[in-house]
Amino acid sequence: RARTFAGKMTALDAARRLAAELRLSPTALRRHGIAVNADGVARSAAELLAHPGIDVARLAAVWPELAALPAAIAEQLEIDARYAGYLDRQARDIAAFRRDEALQLPPSLDYAAIGSLSAEIRGKLAAARPATLGAAARISGVTPAALVALLQYVKRRPEPRAA
């Protein structure tokens with residue numbers, strides 16, 4: 001199984017490189033019946049696969065070398081392209097969370113004041129009183145959406161004034 005998986009990954013990496021290297025201008029793509037913004041920016045086959053109604057079979061009419069891809073590899077390329085935007089956004093969200101993971105949560109934080117948290121999560125956070133956002137993330141049942149709400153609340157909250 002490991003050999004089969006490694007072989008598939010090698011073929012998929014090669015297909016990804018090929019799809020990234022195959023590029024055409026909007027004018028050339030329009031001649032092939034593929035409508036994209038006429039902004040002068042060349043598009044790769046990988047970028048085009050993210051467009052609705054465009055698959056490897058359609059792009060093989062433009063770039064015949066894509067027709068030689070095994071069906072499983074072509075299908076995986078299409079899947080990767082469809083979800084690339086979501087995966088990129090998630091990677092940015094993860095990076096942002098990692099930057100803020102050490103953010104100190106005030107010991108006096110009133111979790112009941114954070115309106116977008118469920119009652120269950122408010123209760124868990126109030127009981128645990130995590131010191132950092134990272135510690136809050138490790139509490140069972142605390143969702144990524146709750147962490148974002150907590151982060152936004154703490155960053156918006158005015159600093160307490162010294163007496």
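Position 1 is the first residue of the sequence, and the numbers go up from there. Computed from a predicted structure; not experimentally measured.
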Heavy-atom distance under 4.5 Å between the side chains of [X] and [Y], does that happen here?
X: H32; Y: L24; result: yes
X: T10; Y: F5; result: no
X: I73; Y: V56; result: no
X: K124; Y: L117; result: no
X: I139; Y: P130; result: yes
X: E47; Y: V36; result: no
X: I79; Y: E75; result: yes
X: S44; Y: L22; result: no

Any ion pair linking R17 and E21 (charged N to carboxylate O, less than 4.0 Å)?
no
Charged N to carboxylate O below 4.0 Å: is that the case for R58 and E78?
no
[X] side chain to [Y] backbone, donor-acceptor under 3.5 Å:
X: R30; Y: A35; answer: no
X: R129; Y: L125; answer: no
X: R156; Y: V154; answer: no
X: N37; Y: D39; answer: no
X: R122; Y: I114; answer: yes

Greater than 12 external heavy atoms within 6.0 Å of E65's CD:
yes
Please determine whether residues Y111 and V148 belong to a single hydrophobic cluster, defined as Ile, Leu, Val, Met, Phe, Trp and Tyr linked transitively by side-chain heavy-atom distances below 4.5 Å.
no
Side chain to side chain contact (heavy atoms under 4.5 Å, CB included), that's the test. Do I34 and L59 meet it? Break it down for me.
CA-CA 9 Å; I34 299 173; L59 294 181; 3.7 Å; yes
Look up atom [atom1] in [X] and atom [atom2] in [Y], then write down how far apart they are to the nearest 0.5 Å.
X: L12; Y: L77; atom1: CG; atom2: CG; value: 6.0 Å
X: D55; Y: L48; atom1: CG; atom2: CG; value: 11.5 Å
X: L150; Y: K155; atom1: CG; atom2: NZ; value: 11.5 Å
X: Y153; Y: L105; atom1: OH; atom2: CG; value: 11.5 Å
X: R92; Y: L87; atom1: CZ; atom2: CG; value: 11.0 Å
X: L151; Y: L103; atom1: CG; atom2: CG; value: 6.5 Å

Correct closest heavy-atom pair for I121 and A146 would be CD1-CB, 3.8 Å
Taking all non-hydrogen atoms of both residues into account, name the closest pair between A20 and A46 and its distance.
N-CB, 4.2 Å
